[in-house]
Structure formats: C-alpha cells, structure tokens
4 protein chains.
Amino acid sequence: MATTKGEIVEQFRCQAIREAAMRVVSRKGYDHVTVQDIADEAGIAKGTVYLYFRSREDVLEKTMSISFEEFHILIRDAIGRGGTFRECVEQVVKAQLHYFEQQQEFFRLYLAMAEPLGERRLRKHASYRTHIAQLVTMVEAAAEKGEVRDAPAERIAIALASVIRDIGLQRMTEKNKRPLEADVAFVRDFICRGIAAPLVTPEENV
Amino acid sequence: MATTKGEIVEQFRCQAIREAAMRVVSRKGYDHVTVQDIADEAGIAKGTVYLYFRSREDVLEKTMSISFEEFHILIRDAIGRGGTFRECVEQVVKAQLHYFEQQQEFFRLYLAMAEPLGERRLRKHASYRTHIAQLVTMVEAAAEKGEVRDAPAERIAIALASVIRDIGLQRMTEKNKRPLEADVAFVRDFICRGIAAPLVTPEENV
Amino acid sequence: MATTKGEIVEQFRCQAIREAAMRVVSRKGYDHVTVQDIADEAGIAKGTVYLYFRSREDVLEKTMSISFEEFHILIRDAIGRGGTFRECVEQVVKAQLHYFEQQQEFFRLYLAMAEPLGERRLRKHASYRTHIAQLVTMVEAAAEKGEVRDAPAERIAIALASVIRDIGLQRMTEKNKRPLEADVAFVRDFICRGIAAPLVTPEENV
Amino acid sequence: MATTKGEIVEQFRCQAIREAAMRVVSRKGYDHVTVQDIADEAGIAKGTVYLYFRSREDVLEKTMSISFEEFHILIRDAIGRGGTFRECVEQVVKAQLHYFEQQQEFFRLYLAMAEPLGERRLRKHASYRTHIAQLVTMVEAAAEKGEVRDAPAERIAIALASVIRDIGLQRMTEKNKRPLEADVAFVRDFICRGIAAPLVTPEENV
DNA sequence: TATGAATGAGAATTCATTCAT
DNA sequence: GATGAATGAATTCTCATTCAT
C-alpha cells in the first residue's frame, strides 16, 4: 500500500542484518556476539546497523522473533496436516528435528530462547510462549477427540517441547548421528505411549 | 583432624562466596555476573574474592561443580532407594522438583548448564554429563529387569531429565503453584507410560 | 602510490600516539606509563589507542623500535662520512650528543634501553644490539686500517657507547650546560687516546 | 650508647628485610618487586614489613642506600691502596668487576640506580652521586700529581664509572665469560691511555 | 545514506596499605 | 610485636553507541 521504494530497501536491509545476526549468534552465542561481528557478517559498517536498529539488543530481539515466525509457520503446518494425534506428534517432531538439523543457527537461537535467566528471558519469552501455545492447541484438539489422556494441556506441551529440544541438542553434539527417523520414532513413542489415551494393548501403537 | 582454624575459616569464606555467586548467577545469568556483583552479594570487597579464587571463572566453575555435587548425591540417593522403575522415577522426579523448589538458585544454575554455546559449555558439560550418567544407570538397571521398553538408555535419560527440568522451570514461573505432588505424578506418568514395558491395561498405572 | 587517504591518516595517528608515548615514557619511565597517560598526552581517548595498537606493550615496543630506526640511520650516516678513526669517532659522538640534546625524549628512551632486568630487556635488546653492532662495524673497519689498538671490537663498542651515553646524561642534568663542542672533544679524546694506535707524541692529537 | 636490646633486634630485622629486598630486586627488577615478594623472601608476614619501613618505597630506598654503603667502602679502600693512577684505576676496576660478579644482586641494583627516569631518579641519585664523588676525588688526586691530562674531573669520573658498569653488564650477559683479568686490563687501558698524562712512548704503559 | 573513527563506561585483576586478632 | 585477611584504587582492555564526513 504505502510501501515506498525506500521502505522496501529498508526491509531488505533489516532482513540482511537479521540473517547475519542469526549466523553469528549461532557461531558465538547470544551473549558473545558484538555489533562489529554482525556488521562484518552482513558486509556493512558498524554504524549502519544503527540506521536500522535502535541497539544491539534490538537487532537480536528482532532477529529472534522474526526467525521464530518462520518456525511457527512450519509447526503450524505440521500440526495442520491432520491425522491421529500420534501422526500429528510425529509430524511435529519430524518437522522440528529436521528444521533444527537444517537450520542449526536457528536451533541455537531456539536453545538460547529457553535460557530462563536475567532480563533477557522477558524478551525471549514471547516467541517461546507462542511456540508452546501452538503445541497446547494441538494437544487440546486431540484431547477433545479423546486421543490424549487427562492431564493439563500446557504441561503436556512443555514436556513435548522439552523432549524434542533436548534430543535435538543431543543429536547436534553427536559425531556419528543416528538416522533422523530413529529419533523421530523414539520421541514420538516416548511422548505418545505416555500421554496417549488408554490402550488395550500396546501393540496397536506400532 | 588436621584442619587448622585458618583452613576452616577459609572453607567458610569460600562457601559464602560460592553461595553469593549462586544467587547472582541465578539473578543475572552466568555471563552477566561480575566479580563486583559477587563481592557485593557476599558483602565483601572485590579484591577479597581473589584471595579465595584465582579468577572470576574459578568462582563460577567451583560454584557450579560443588552445587552439582550436592545435587548428584541427592539424585543418587533417590535412585538408590530402590523399588520398581516407576517408584524409582517418582523418587527422582520428586527429589529434583523439591530440590529445585528449595534451591531456586541452584535450579537456575542447572538450567544455565544446558546452554549449549561457546566454551562455557565444555566447562559445564562435565557436571551435566554426570547427571545424565546417573539417570542412564538407573534406566539400564530397570532395562535389565525388563521394566523399560527397548530404546537407547541415553536417549531415555536425556528425555527424562529434560521433562523434569522444563516442568520445574514452568512451576517456577507460575504464581499460583500447583501442588508438588500433582506435577510429580504428571511427570512420573508421562515418563513411565512411554518407556515402561508393555501393559495390559492402563489402569494398573495408578 | 597505493596509499589510500585512510592509510595516511592511520599512519599519522600512529605517529602522534608514538610521539605522545615517547614523551610520557621520558617523563615517567617505561614501566610507569599507563595507557591513560599516553591517551591524555595525545589528546585522545583511551580506547582510541587500541584502534591503532594491539596493546600497551605494542605501543611502547613500536615507539622504541621506530625511534631507534631514526637514530640508527643518523649513526650510520655519521660513520659513513668517513675520514680517520678519530674523525669518525668525533662525528658519531657529535651526532649522538646533538641528537640527545634535540630529542631528549628519545634519549630517555635510549637510557631506559640499558635497563637490564626482566623480560623487557629482551624486547629492548634488539635495538640496543643493533646500535652496538653499528659501532662494532666502525671499530673493525678502523682496526683493519691499523688505527685501533688490539682489543675485542665489541668491548670497545660497548665502552664507546657507554661513555657517550653517560656524558649525555650528565649534560642533561646540568643547568649551565657546557658547550657541546667541549664535550664532543672530551669524549673523542677519551676514546681515542685510549684505543688509538700507538702514538709517538701526544701533541699530534690536537 | 642508648642502644636498647629492642633497638638491636629492630636493626637486625631491618637488615634481614633489606637483604631479602636486594635478592628479589635482583631477580625481578626494581619495579616488579612486590611487598609480598620481599616478605616471602624474608620469611615474614607482609604486615611485618610495615613495622620496620614506612612503605614499599622506603624499603627499596633504604635497601639501595645501605647496599651502596658497603660498595662505597670497597671502592674507598681500593682507591686508598695508593700507587700510580694507573694502578689505582686497576684496583678500582678490579674491585668493582669482582664485586659485581660476586654480588650480582647488588650489581643489578647498581644498574637500576643509573636509570635516570621519573621520580625514582631523585631517590637513587644520592648514592650514585656519592659513588661518582669518590672517583672524582681519585681523579683529582692524580691530577695534582700530574698523572692525568687536563680535563674536568667529573667528566672523567663519569666516563670511568660508565665503562666499568657497561663492561660489567656485558660480562653478566655472556655465557662463556672472559677471564676477569682480561676485562680488568681492557678497562684499565681503555681509561688510562686516554686520560693519562702525556707519554713519550706508549710502550711504557705495558 | 553509509561510514568507521572516536569515545568512555565497565569488567577483570593486582597489590600497597591497614588493622583486628 | 607479628600476622595475614581485607580493602579498594589503579590498570589493561573491550565494545556499544555516537557523530562528523
């Protein structure tokens, strides 16, 4: 609408800086990234960063929230693909572990997000809560269909997210990686056999 | 025995500094703690810190490893109390969530441990790995008794630790806390129904 | 040629900082100069020093070696002007005492060079050794021509340098300075009558 | 007279501390010696140093001046032994080089003394001037006897001291030391052939 | 707009000096 | 007297932020 050419250029710049920020955060860690690092990675001057962002914190904050948007869409799609709760969980787990594998930078950002310390937490929490909210929605939908045993949906969502994250982290640290499918199946089963609705025989969970 | 009065005082001071460090780490995060913070919190001068520790890193490292030792003993005892795997898990979950509740500072330290970036990770990893190793032992013992379904013990341990941690974190952020027992039961069931050996009916999981 | 404007400015800044460093070293002594001192003297901020030099040591090291380069050229030229050994010595003595007079800061730096303690010595030694080496060359050339009596050239060079230095130092501390020529003659004669080849009568030494 | 037992003990302590200071100064250099170093070397507590000296500077200052007293006596005796100027010079050179060899700690102190920088210079100068004054006396005595050619006695004394010092320093840095006698002869000849009264033939200087 | 030089607040560490025991 | 723990000023170096070009 009112998008002038200047604004488009501005958006483009912002994105380039955020992408650079994501890469350096993933390499050096949130706390150890300097504005110079970001500028170098983006191929611009340090001062230029301040034309598009108010401060170092502003860059990192926006980098994280915008990166998370893409992630949220991915998860929303995985959930939206439908199927049984078990299939749904599998899709979510697979989408996440795969995305983590592909976008290690983002994964490190995601991990940093979970850090609950200091004021930083406040900033990060919004995106993280959104992520949990998505999972809560999924759990509640399954609960309505009787596919999930009775337990607070948020607790389940948190447990789910936490297992995926830490298995993802473990995968990242391993040299000889297990096949992605093996871990997807492990996480899916770990989650489902615990929170699935009552079963007559466990065999039907294959 | 051979402990002179001076050594006792020294131990006492060290402990006071470590406790102060734990509090400030829990408030500001590992990376943002300054030596001045620690000194202020301990009610001593900055230079005094250096009478008892070689460097800022030394304080933080020792703070973490000694706190973890206490924690490891707690978990070892919970595991050692025996019983079925289910009972064992319950004891571990209860011990952890209770300890986290009591020692919120330690809990934040424990959380910081999972941060995967930078060299810090290497330092922290030792304690974290020890913790995981304890859980692996527990899982393997249960596996031998056929109480755990077939899956890599380390994956199970990681999943277990991750769920306990994040539920603990969630509890910490909630204003109106749920009863500890409710969350202990939730986590226990979340874990056991997933990794327990095949069951005929879910009712027996009461 | 390929010197960009930025490089010229950089060179200029570096030189200004080195000159400031030289002045403060001459006032406070090598070990007592702080980065703040240098910055204040140069009329810049402390942090600016670090834009042009890696560390405090880097500033001081470069200050000394570059100052010495100029000095070495001066001495080389004095030696190269040729003539008898006696004339040659006179030229060297005169060049040094004059330079010391003009560049008191450098002279103090030169004096600091002789300090024989600690690791600093290693750093300084290179320039000092070069200076001695120049004199050795001069002495050896004269020795070949039979103008110098038989003695280790290095010993002679050291003795020569040491007399020039300390007479220069003495001149610096005196309020009513003797004429430069008087001291040049004194040093020249002190040196030559001792190491010159045998003379029949001293009168020929006018 | 009024020397109480307490005062004797005090003198003893002071001396022990000064001796310790001399050793550490010789190892680490004047500027790098800490009060703790001195206390450790003396086998006493840091605070004890302050019972006998006002400050770190006070220790070092007194250490230097008292060490010099011994040195002054040595030189006075060498001069007092009489003989021709040439013999006298030889005795002084020999005494100094020998003493430097034996008391490397003192030698390093002596070297530090010549450092002309900063306020430290003021403190050190007194002892150094005394040393020069001794040599001036010697030169003047010889001048009266016509053994020295016409030149300012102080200039001669300075030149003399400087050559001895730097040859001593050179000896200290050499691995395979030349015989002491060789350097004594070199310095003696370097000095005498230059400042000796007119000679008919140089051969008589053997 | 873009730059990057300059700034200076802040962090870790050392050490002379004090003072309670 | 003797001790050595405690102090905090001083020092080096880093980096977010500003601003003249």
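Each chain gets a letter, A, B and so on, in the order its sequence line appears, and its residues count up from 1. Side-chain atoms are counted along with the backbone in the values below, which use heavy atoms only and exclude waters and symmetry mates.
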Output all residues satisfying side chain to side chain contact (heavy atoms under 4.5 Å, CB included) with [X], sequence neighbours left out; order by chain, then residue number.
X: D:Arg56; answer: D:Val35, D:Leu60
X: C:Ser55; answer: C:Glu57, C:Asp58
X: C:Glu10; answer: C:Cys14, C:Tyr52

Would you mind reading off the distance between [X] atom [atom1] and [N] atom [atom2], rounded to a whole angstrom?
X: C:Ile38; N: F:dT11; atom1: CD1; atom2: C1'; result: 12 Å
X: B:Asp31; N: E:dG10; atom1: CG; atom2: P; result: 19 Å
X: D:Leu60; N: E:dC15; atom1: CG; atom2: C1'; result: 14 Å
X: D:Asp58; N: E:dA16; atom1: CG; atom2: C1'; result: 13 Å
X: A:Gln36; N: F:dC13; atom1: CD; atom2: P; result: 19 Å
X: C:His32; N: F:dA9; atom1: NE2; atom2: P; result: 20 Å
X: C:Glu61; N: F:dT12; atom1: CD; atom2: C1'; result: 16 Å
X: A:Glu10; N: E:dA2; atom1: CD; atom2: C1'; result: 14 Å

Do you know the tightest heavy-atom contact between A:Ile66 and A:Arg18?
->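 In this case the closest contact between A:Ile66 and A:Arg18 is CD1-CZ, 3.2 Å.
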In terms of heavy-atom contacts, C:Thr63 and C:Ala21 come closest through OG1-CB, 3.6 Å
Of residues 39-52 of chain C, the positions that come close to DNA chain E - non-hydrogen atoms, cut-off under 4.0 Å | C:Ile44, C:Ala45, C:Lys46, C:Gly47, C:Thr48, C:Leu51, C:Tyr52
Identified stems (criterion: three or more consecutive Watson-Crick or G-U pairs, under 3.5 Å), DNA chain E |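 The stems that DNA chain E takes part in, listed by first number, are E:2-21 with F:2-21.
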By side-chain hydrogen bond (donor to acceptor under 3.5 Å, both in side chains) - contacts of [X] (at least two apart):
X: C:Glu69; result: none
X: D:Gln15; result: D:Glu19
X: D:Glu70; result: D:Tyr99

Is A:Val33 touching bases, backbone alone, or none of the nucleic acid, heavy atoms closer than 4.0 Å?
-> sugar-phosphate
Sequence neighbours excluded - side-chain hydrogen bond (donor to acceptor under 3.5 Å, both in side chains) pairs with any residue from residues 37-48 of chain B | B:Arg23-B:Glu41, B:Arg27-B:Glu41, B:Lys28-B:Asp37, B:Thr34-B:Asp37, B:Gln36-B:Asp40
Hey, which sits more toward the 5' end of DNA chain E by its nearest nucleotide, B:Arg54 or C:Val9?
->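 Here C:Val9 is the residue nearer the 5' end.
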Measure from the side chain of D:Arg13, starting at C-beta and using heavy atoms only, and say which of E:dC15, F:dA2, F:dT17 lies closest.
->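 Output: F:dA2.
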